[in-house]
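Worksheet: the structure to be examined is printed underneath.
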Amino acid sequence: KDVIRLAGREFNVGSPKQLGEILFETMQLPGGKRGKNGAWGTDSSVLEGLAEQGIEVAQRVMDWRQLAKLKSTYSDALILQADADGRVHTNFSMAATTTGRLSSTDPNLQNIPIRTEEGARIRKAFIAAPGCSLISADYSQIELRLLAHVADIPALKESFSKGEDIHARTASEVFGVPMAGMDAPTRRRAKAINFGIIYGISAFGLARQLGIGAAEAKVYIDAYFKRYPQIRAYMDNTKEQARIDGYVLTPFGRRCWVPRIKDKIPALRAYAERQAINAPLQGGAADIIKRAMVKLPEALADAGLKARMILQVHDELLFEAADDEASAVADLARRVMQEAVRISVPLTVETGIGKNWGAAH
DNA sequence: AGTGCTTGCCAC
DNA sequence: AAACGTGGCAAGCACT
Ligand SMILES: Nc1nc2c(ncn2[C@H]2C[C@H](O)[C@@H](COP(=O)(O)OP(=O)(O)OP(=O)(O)O)O2)c(=O)[nH]1
Ligand SMILES: [Mn+2]
Ligand SMILES: [Mn+2]
């Protein structure tokens, strides 16, 4: 109602097409950009730009979108999908991705919210059975460690040997906040910067992501490649390998096909090059957790633990166990996951125990 | 009423 | 949005 009042006209807030016409035609707001299909762009980074200019309706639409997303995709849908015993059972697809990751459907339990305060309430709704706890075990900075290994980057390997947190360091350097007591959303934003840069983001893309100028974004990217010059070599070598073979390999031998690597259309070719750069690392991380998942059920049984492995979220495993064995499960999961493979950097796993998924982080 | 596409956004 | 990568889902929309 407030959005419609501020817009001065009745329309469906849930329609990006109508919203774009209201904002950039009826209201004549500045900064409108049409996409390739001629529609006005209205995604959150566009709205954020408007909101920063004091356009109240933009902030209200962002708030509405967030709540609508959480309600429709999670709150309403998960209740319908819940079993008679109150559990939801996902389906894992084992061959749906190009990199070897799993995917999860009906419902997708690999994209349960966590980032915002309201979203985190949904994650907290996943609770252990009475007398049981949930144990989460998540690899630390997993694809950055694989990058250090595969691209053979001395400075990055040294950081991991010392136990440094690169995501937190990036957050500190870019946002000017202290490492100590950093909040999770800030570290998450830095994560997107680190992975964006290593997977070929442009100054334009980074600027858009951070809401800064392209010149400032370029400074960050240049500084990154200066600090870790081996990343460039890894990118070039991987692209060349893809051109030669039509595929790239993870450090454990998985083939990831890159069919458009020789496309004559430059934009499609550039896209394929970024896919080639990403696949060995994302796929390598998938290989590692899969090996751990093969070992774990037997390792648990051998240790006399009745815990069950109940969910995989790309580099995280979630277990359910009786309260009195939860800490033993956490220790065992950490050890098996850390030792699932041996590479030239240490693998570290963070574990947590709680009565709900949110509390287990 | 059903289908397929687009836009946007949740997670890793 | 052409301009980090990997996914899945909901809603709007055009069309049958
Ligand atoms: N390209 C890309 N990959 C991502 C992004 N977010 C997550 N990933 C990939 C790379 C991560 O290593 C991997 C696991 O995600 P996590 O959220 O667990 O982050 P990570 O392990 O790096 O850090 P952590 O120490 O667990 O907080 O998923 C992203 O924004 N872009
Ligand atoms: Mn992780
Ligand atoms: Mn994770």
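Lettering follows sequence order; numbering is per chain, from 1. Just so you know, these numbers come straight off a predicted model, no measurement behind them.
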Nearest-neighbour nucleotide for the [X] side chain, [options] considered:
| X | options | value |
| --- | --- | --- |
| A:Lys36 | C:dA2, B:dC12, C:dA1 | C:dA2 |
| A:Ala96 | C:dA10, C:dG8, B:dG8 | C:dG8 |
| A:Gln209 | C:dC9, C:dC4, C:dT6 | C:dC4 |
| A:Thr97 | B:dC10, C:dG12, C:dG7 | C:dG7 |
| A:Gln275 | C:dT6, C:dC13, B:dG8 | C:dT6 |
| A:His314 | B:dC12, C:dA10, B:dT6 | B:dC12 |
| A:Arg123 | B:dC10, B:dC12, C:dA3 | B:dC12 |
| A:Asn108 | C:dC9, C:dT6, C:dA2 | C:dC9 |

Is the distance from OP1 or OP2 of [N] to the nearest side-chain N or O of [X] less than 4.0 Å?
| X | N | answer |
| --- | --- | --- |
| A:Arg274 | C:dC4 | no |
| A:Arg208 | C:dA1 | no |
| A:Ser202 | C:dC4 | yes |
| A:Thr105 | C:dG7 | no |
| A:Ser103 | C:dG8 | yes |
| A:Gln66 | B:dC9 | no |
| A:Arg65 | C:dG12 | no |
| A:Thr42 | B:dG8 | yes |
| A:Asn12 | C:dG12 | yes |
| A:Tyr271 | C:dT6 | yes |
| A:Thr116 | B:dC10 | no |

Is a donor-acceptor pair below 3.5 Å formed from side chain [X] to base [N], judging by atom type as modelled?
| X | N | result |
| --- | --- | --- |
| A:Lys69 | B:dC10 | no |
| A:Arg101 | B:dC12 | yes |
| A:Arg115 | B:dA11 | no |

Figure out the [atom1]/[atom2] separation between [X] and [N], and round it to whole Å.
| X | N | atom1 | atom2 | answer |
| --- | --- | --- | --- | --- |
| A:Leu19 | B:dG8 | CG | P | 9 Å |
| A:Leu144 | C:dC4 | CG | P | 18 Å |
| A:Asp106 | C:dG7 | CG | C1' | 14 Å |
| A:Ile221 | C:dC4 | CD1 | C1' | 10 Å |
| A:Ile122 | C:dC9 | CD1 | C1' | 13 Å |
| A:Leu281 | B:dC12 | CG | P | 19 Å |
| A:His361 | B:dC12 | NE2 | C1' | 11 Å |
| A:Ile277 | C:dA3 | CD1 | P | 15 Å |

Remember a base hit wins even if backbone is also touched, and classify [X] as base, sugar-phosphate or nothing at under 4.0 Å, heavy atoms.
| X | result |
| --- | --- |
| A:Ile114 | sugar-phosphate |
| A:Arg269 | nothing |
| A:Ala279 | nothing |
| A:Gln18 | sugar-phosphate |

Worksheet item: Taking the six-membered ring for Trp, are the ring centroids of A:Tyr228 and A:Tyr224 within less than 6.0 Å of each other?
Response: yes
Worksheet item: Less than 6.0 Å separating the ring centroids of A:His167 and A:Phe195?
Response: yes
Item to complete: Could you check A:Asn111 against A:Gln81 and say which one's nearest nucleotide on DNA chain C is further toward the 5' end?
Response: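 Looking at DNA chain C, the more 5' nearest nucleotide goes with A:Asn111.
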Worksheet, complete the sentence: Assert: residue with more 5' nearest nucleotide on DNA chain C, out of A:Tyr199 and A:Gly41, is A:Gly41
Are [X] and [Y] linked by a side-chain donor-acceptor pair shorter than 3.5 Å?
| X | Y | result |
| --- | --- | --- |
| A:Thr170 | A:Arg187 | no |
| A:Asp245 | A:Gln241 | yes |
| A:Thr99 | A:Gln282 | yes |

Fill in: Gap in Å between the two P atoms, one belonging to C:dA3 and one to B:dC9, rounded
16 Å
Worksheet item: Taking atom C1' in both B:dC5 and C:dC4, what distance in whole Å separates the two?
Response: 25 Å
Discussion item. Would a single hydrophobic cluster contain both A:Tyr74 and A:Ile127, if residues Ile, Leu, Val, Met, Phe, Trp and Tyr are joined by side-chain heavy-atom contacts under 4.5 Å?
Written reply: no
Item to complete: Run the numbers on A:Lys71 and A:Glu118 for salt bridge (charged side-chain N to carboxylate O under 4.0 Å, His left out), then give the verdict.
Response: CA-CA 10 Å; A:Lys71 181 175 190 297; A:Glu118 296 82 2; over 6 Å; no
Worksheet item: Just checking, A:Arg255 and A:Tyr247: is the charged tip under 6.0 Å from the six-membered ring centre and within 45° of the axis?
Response: yes
